[in-house]
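Inspection log for the structure reproduced underneath, given as structure tokens.
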Amino acid sequence: MHGLMQQRQLTISSVIDYASQVYGDVEVVSRTIEGSIHRYTYRDCARRAHRFAEALDRLGVKAGDRIGGASWNHYRYLETFYGVTGLGAILHTINPRLFAEQLAYTINHAEDRFIIADAACLPIFEACRDRLTHVEGYIVLSAPEHIPNTSLQNVICYDDLIADSGDDQFPWANVDEWDGSALCYTSGTTGDPKGVLYSHRSCVLSAYAFNMPNAVGVGFRDTLMPIVPFFHGNGWSVPFAAPMAGAKLVLPGRDMDMAKLHELIVGEDVTVALAVPTIWLSMLEHMRQTGTDLGQLAKIVTGGSAPPRAMIADYESDYGVTISHAWGMTETSAATTFSHPPNGVSHDAALDVRVTQGRPVFGSEIRVVDDAGEPVPRDRDAPGELRARGFWVASDYYNAPDKPAVDSNGWLITGDIGKIGPDGNLRLTDRAKDVIKSGGEWISSIDLENAAAGHPDIVEAAVIAVPHERWQERPFLIAVRRQGSAVTGAEVLAWLSKRVAKWWLPEDVAFTDEIPHTGTGKIDKMALRKQFVAGKSGFATGQT
Ligand code: ADP
């Protein structure tokens, strides 16, 4: 027998409509790309999002079409999350830090028809425009006076497009909650980036969960500041969670200068801010140097990498700010587990819990499996591969039938290794995927190895992650010299600097006579880590 409840779809547009109707006067404050501060309300945001949907309709965009978006966090980009998805089209959030090849690959794979970009991101498209196979034009998220000179063709000014002639009431499309809404490529593993296609339903449900006290716990009295860019897993749900909660939103733009971020946190009475540990370490440094505090900030959400224990302790003891440590992936719509210590435990015991990756919030499940794929019991102190499933966890990658996302039991293969204790808290200990995460961004060890092995004096190269105080992890190159060669580390680094981005360059180079291999002939990274990182504790354990 069916229940007799109304059949309302979980759509993204319902979130901004709600915020506009119920919290219409709540502010959205942005630092623009030009540097000025812009203020308006959720009502204004909804109005402009409706107009943008109408403008896209005028441009011939249809439900299901992909529209690329490359922008730092500010109000115009926020509007596109609603305007694009409100038309039933799909917003492909592009990471502007990707190289031209990866960028072109993802845009072509997604078959983006238009690119929405802020002025700061235009140069990356100028660099790869001739390789883009489906792009018909570029919508620049600026006022007309701030559109820069560009070699791109068919450039449209966003503000002109949604100018007063637009329709504030343009009706949202009739989308089904299972329809695609946003597409985010993960470059976390080797090979081509893989697309994670969120549905309307997954975005709404993960934002609901985000606002629950066991996750971040947000309400209309809060002010949220996502320092994490929206191109990382839908900005960890903030573009939907903040309006859903009626919380004031503070968007920092592209300027990651600590003084600028600090000015916004204190000046706008931010209560909850989200960023990777690298940002929080720099902020700590900034406050120590300037003798300042964090004003009304009560809670920091950190994820993407393991935060150092000392950092969590210092924020709590010196600044009275609680750190909620979260684990998640692009494939799990970002934050999925959150660490919160129970009541009544000692300071040290609480810290012991905060360094863990925490427990899943309702709607997502995790388990750890052994080599045979069998779940490892929680009371057994043995690590295994982490798997996840839930309302907002990917089932497949977009248009990639040869790249399964889930195991034979339907659980997402995360590539993370860890333990789940009897208390239910996840403790990550290692990573099975061959990548390095530096300051929240991925570096492919395989790509670096290939580049190094291209050096005429190098026979074989292996790259592993080493713990780093500021960037969490940095690449470290281990190489075997060709017989008779006396090539130096500096020469190898100079060779690499012409082939990879500067921030990919290994911290150091060590030479060895032989690189260990596993039974299947792969480089044995575990053995290398034991050999070269032994004593430097802390890889993904939060102990550094
Ligand atoms: P995001 O863009 O949110 O960083 P990615 O999909 O790029 O998401 O990265 C997810 C990966 O980052 C995880 O599989 C894990 O390896 C790492 N990671 C995320 N959160 C944590 C955490 N709290 N502690 C340790 N590693 C983490």
Side-chain angles (χ1 to χ4, degrees), residues 73 93-98 102 106 182-190 193-196 198 206 210 215-216 226-238 274-280 300-309 311-312 323-340 353-360 364 366 368 383 385-388 392-394 397 405 412-419 425-445 465 467-468 471-473 538-544:
N73 298 359
T93 52
I94 295 168
N95 181 345
R97 292 181 178 132
L98 294 183
Q102 289 173 312
T106 57
L183 178 63
C184 184
Y185 280 80
T186 167
S187 46
T189 43
T190 49
K194 293 172 291 187
V196 176
Y198 304 116
S206 58
F210 177 99
V216 180
I227 300 172
V228 55
F230 285 171
F231 52 78
H232 275 303
N234 268 340
W236 298 357
S237 287
V238 177
L274 304 95
V276 293
T278 301
I279 294 277
W280 296 123
I300 277 175
V301 181
T302 186
S305 295
R309 185 186 177 100
M311 180 190 107
I312 302 179
I323 296 221
S324 177
H325 170 201
W327 168 86
M329 308 170 63
T330 306
E331 289 89 330
T332 68
S333 310
T336 294
T337 66
F338 295 83
S339 70
H340 296 289
V353 175
R354 289 207 192 280
V355 293
T356 74
Q357 278 69 22
R359 289 185 280 209
S364 59
I366 52 167
V368 160
E385 272 210 39
L386 180 67
R387 303 275 197 260
W392 46 82
V393 177
Y397 290 109
L412 177 82
I413 303 163
T414 67
D416 286 325
I417 295 180
K419 305 173 189 178
N425 283 306
L426 168 68
R427 289 166 173 80
L428 288 190
T429 54
D430 207 341
R431 213 179 271 146
K433 46 197 177 194
D434 209 356
V435 282
I436 294 149
K437 206 163 195 197
S438 181
E441 298 289 348
W442 292 113
I443 294 175
S444 158
S445 40
H468 189 278
W471 301 107
Q472 304 290 289
E473 287 174 36
F539 175 72
T541 62
Q543 303 300 313
T544 42

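First listed ligand is number 1; within each ligand, the first listed atom is number 1.
- Atom CZ of Arg359 has 12 or fewer heavy atoms from other residues, nucleotides or ligands within 6.0 Å.
- Between the side chains of Glu331 and Tyr397, at least one donor-acceptor pair of N or O atoms lies under 3.5 Å.
- Using a 4.0 Å cut-off to heavy atoms of His232, the atoms of ligand 1 that qualify are 2 (O).
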Take Phe338 and Val216 through the side-chain contact (heavy atoms from CB on, under 4.5 Å) test and state the conclusion after the steps. CA-CA 8 Å; Phe338 295 83; Val216 180; 3.7 Å; yes
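- Under the 4.0 Å criterion applied to side-chain N and carboxylate O atoms, Arg97 and Glu441 are assigned as salt-bridge partners.
- Close contacts of ligand 1 with Trp236, meaning ligand atoms under 4.0 Å from a residue heavy atom, involve 3 (O).
- Every atom of ligand 1 with a heavy atom of His325 under 4.0 Å away is listed here by number and element: 22 (C), 23 (N), 24 (N).
- Residue Gly304 has at least one N or O atom closer than 3.5 Å to an N or O atom of ligand 1.
- Side-chain contact between Leu386 and Trp327 is present, with heavy atoms from C-beta onward closer than 4.5 Å.
- Of the candidates Lys437, Gln472, Glu441, it is Lys437 that places a heavy atom closest to atom 9 (O) of ligand 1.
- Residue Asp416 approaches ligand 1 through these ligand atoms, each under 4.0 Å from one of its heavy atoms: 13 (C), 14 (O), 15 (C), 16 (O).
- Those atoms of ligand 1 that come under 4.0 Å of a heavy atom in Ala326, given as number and element, are 20 (N), 22 (C), 23 (N).
- The shortest N or O to N or O distance between Pro307 and ligand 1 is not below 3.5 Å.
- Taking a cut-off of under 4.0 Å to the non-hydrogen atoms of Leu428, the atoms of ligand 1 that pass are 25 (C), 26 (N).
- Compare Thr429, Val276, Val435, Thr330 by their heavy atoms: the one nearest to atom 6 (O) of ligand 1 is in Thr330.
- Between Pro307 and Gln472, every side-chain heavy-atom pair lies at or beyond the 4.5 Å cut-off.
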